[in-house]
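To keep things clear, I will list the structure first and then write my remarks on it.
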Amino acid sequence: MSDFETIIYEKKNSLAYVTLNRPQALNAYNLKMRDELYQVLGAIRDDSQVKVAIFRGAGERAFCAGADLTEFLTAPSPLIARQARWERDIWGLFLSLNKPLIAAVHGYVLGSGLEIALCCDIRLASEDAQFGLPEPQLGIIPAAGGSQTLPRTIGGAKALEILLSGRWVKADEAERLKLVNRVVPRKELIPEAERLAKRIAGFDPLAVASAKQAITRGLDLSLNQGLELEARLACSIT
Ligand code: COA
């Protein structure tokens with residue numbers, strides 16, 4: 001177990017657990033959490049013992065209620081922000097991880113909370129989950145990849161409607177939209193994520209990493225390029 005301030009990072013056998021841990025602020029994503037999440041993602045990437053990671057939120061009410069509004073407008077100038085992003089591209093790192101990532105979300109899943117879930121490969125939600133991207137209402141746009149990951153997940157039309165209208169989506173609709181893979185009762189959320197993670201962790205890690213890459217990288221390619229990618233990946237594991 002780690003001694004981060006905003007995140008609990010634990011390993012049990014081959015599973016890593018990343019718990020966003022600011023329940024008093026509905027696990028709002030602040031600068032400290034950004035820095036700690038960056039370290040945790042590096043640990044998941046580099047630790048050969050970790051085969052699957054589960055992301056979840058502490059407390060009863062939220063996975064994450066988005067960016068910390070108390071830090072809103074205290075961000076550095078665009079120039080400094082761009083420099084920081086160059087030096088520490090957390091969302092690029094998140095999306096480049098070859099290990100399977102499972103988001104197990106409950107309660108409020110807003111703004112960067114939804115974007116974190118969208119950086120994961122499989123999303124399980126409890127029946128009380130609610131999803132939304134409130135950024136345009138605050139005069140900003142999603143900056144954690146959401147404007148790209150949401151339409152790739154649910155299609156452009158629905159992504160535009162949800163982002164532009166600011167409306168929230170409840171768990172049953174999220175499942176219909178394929179925003180989440182499955183909705184389960186609250187008490188089943190973590191056990192279900194663990195069952196899935198343990199099953200995947202039992203497979204050959206190279207085959208799992210290659211299968212993940214074939215799909216996630218292939219989605220950005222033409223069919224022909226995707227087939228070439230698949231052939232290369234298949235060769236590399238035989
Ligand atoms: N940033 C910082 N603090 C937050 C937060 C956020 N995004 N979301 C919630 N909190 C804090 C509240 O300030 C409150 O703190 P307090 O107890 O010290 O007053 C605590 O978390 C509980 O939230 P509260 O608003 O009292 O709960 P609620 O049930 O009435 O409402 C929400 C829940 C999610 C509807 C409401 O908190 C909200 O709208 N949050 C902001 C969502 C948002 O716009 N996120 C930014 C996306 S870019």
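- You'll find the side chain of Pro100 reaches within 4.5 Å of the side chain of Val208, heavy atoms only.
- The residue from Phe63, Phe94, Tyr17 that alone fulfils the ring pair (Phe, Tyr, Trp, His ring centres under 6.0 Å) condition with Phe55 is Phe94.
- Within the 4.5 Å cutoff, the side chain of Leu69 has heavy atoms near those of the Leu138 side chain.
- For the pair Leu150/Leu179, a side-chain contact is recorded, criterion being any heavy-atom separation below 4.5 Å from C-beta on.
- In Ile140, the CD1 atom is crowded: over 12 heavy atoms of neighbouring residues, nucleotides or ligands sit closer than 6.0 Å.
- Enclosure of atom CG in Asn13 is not indicated, since only 12 or fewer non-hydrogen atoms of other residues, nucleotides or ligands lie within 6.0 angstrom.
- Side-chain contact between Leu110 and Leu26 is absent, with no heavy-atom pair separated by less than 4.5 Å.
- A salt bridge links Arg56 with Glu10: at least one charged nitrogen is closer than 4.0 Å to a carboxylate oxygen.
- Side-chain N or O atoms of Asp68 include none that pairs as donor or acceptor with a backbone N or O of Tyr29 at under 3.5 Å.
- Within 6.0 Å of CG in Leu160 there are more than 12 heavy atoms belonging to other residues, nucleotides or ligands.
- Summarising the geometry of Gly59 relative to Pro23, their closest heavy-atom pair is CA-CB, 4.1 Å, with the distance given to 0.1 Å.
- Of all heavy-atom pairs spanning Arg167 and Glu173, the tightest one is NH2-OE2, 2.8 Å.
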- Before giving the answer on side-chain contact (heavy atoms from CB on, under 4.5 Å), spell out for Leu101 and Lys212 the whole-Å C-alpha distance, their side-chain angles and the decisive distance to 0.1 Å. CA-CA 10 Å; Leu101 311 175; Lys212 171 169 171 171; 4.0 Å; yes
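- Among all heavy-atom pairs drawn from Gly107 and Asp128, the shortest one is N-OD1, 3.3 Å.
- Of the possible polar contacts, none joining the Glu192 side chain to the Leu124 backbone as a donor-acceptor pair under 3.5 Å is found.
- In this structure, Gln137 places its CD atom where more than 12 heavy-atom neighbours from other residues, nucleotides or ligands lie under 6.0 Å away.
- Taking the six-membered ring where the residue is Trp, Tyr108 and Trp168 present perpendicular rings, their angle passing 60° and hence far from 30°.
- When atom types are taken as modelled, the side chain of Lys99 and the backbone of Ile44 share a donor-acceptor pair closer than 3.5 angstrom.
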- From CA spacing to verdict: side-chain contact (heavy atoms from CB on, under 4.5 Å), Leu229, Arg232: CA-CA 5 Å; Leu229 171 68; Arg232 276 200 306 281; 3.8 Å; yes
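- Counting only distance, with no hydrogens or angles, the side chain of Thr149 and the backbone of Cys119 share no donor-acceptor pair below 3.5 Å.
- Phe4 has its side chain within reach of Gln39: a pair of non-hydrogen atoms, C-beta onward, lies under 4.5 Å apart.
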- Message: With side-chain contact (heavy atoms from CB on, under 4.5 Å) as the criterion, how do Arg123 and Leu118 come out once you've worked through the C-alpha distance, each side chain's angles and the decisive distance to 0.1 Å?
- Response: CA-CA 8 Å; Arg123 283 167 290 284; Leu118 285 164; 4.2 Å; yes
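- Within a 6.0 Å radius of CD in Glu194, more than 12 heavy atoms belonging to other residues, nucleotides or ligands are found.
- Between Leu20 and Ile116 the shortest heavy-atom distance is CD1-CD1, 4.2 Å.
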- Task: Dump the intermediate steps for side-chain contact (heavy atoms from CB on, under 4.5 Å) on Val18 and Leu37, then the final yes or no.
- Result: CA-CA 9 Å; Val18 181; Leu37 187 58; 4.2 Å; yes
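- In terms of heavy atoms, Asn21 sits closest to Ala58 at OD1-CB, 3.3 Å.
- By the 4.5 Å heavy-atom criterion applied to side chains, Ile122 and Ile200 are counted as neighbours.
- Inter-residue side-chain proximity for Arg152 and Leu219 is flagged as unmet; no heavy-atom pair is nearer than 4.5 Å.
- Contact between Val105 and Ala129 at its shortest, heavy atoms only, is O-CB, 4.2 Å.
- Between the side chain of Glu135 and the main chain of Pro142, no donor-acceptor pair closer than 3.5 Å is present.
- Glu188 has no carboxylate O lying under 4.0 Å from a charged side-chain N of Arg182, or vice versa, which leaves the two without a salt bridge.
- Taken from CD in Glu127 to NE2 in His106, the straight-line distance is 13.5 Å, to the nearest 0.5 Å.
- You'll find the side chain of Leu15 reaches within 4.5 Å of the side chain of Lys198, heavy atoms only.
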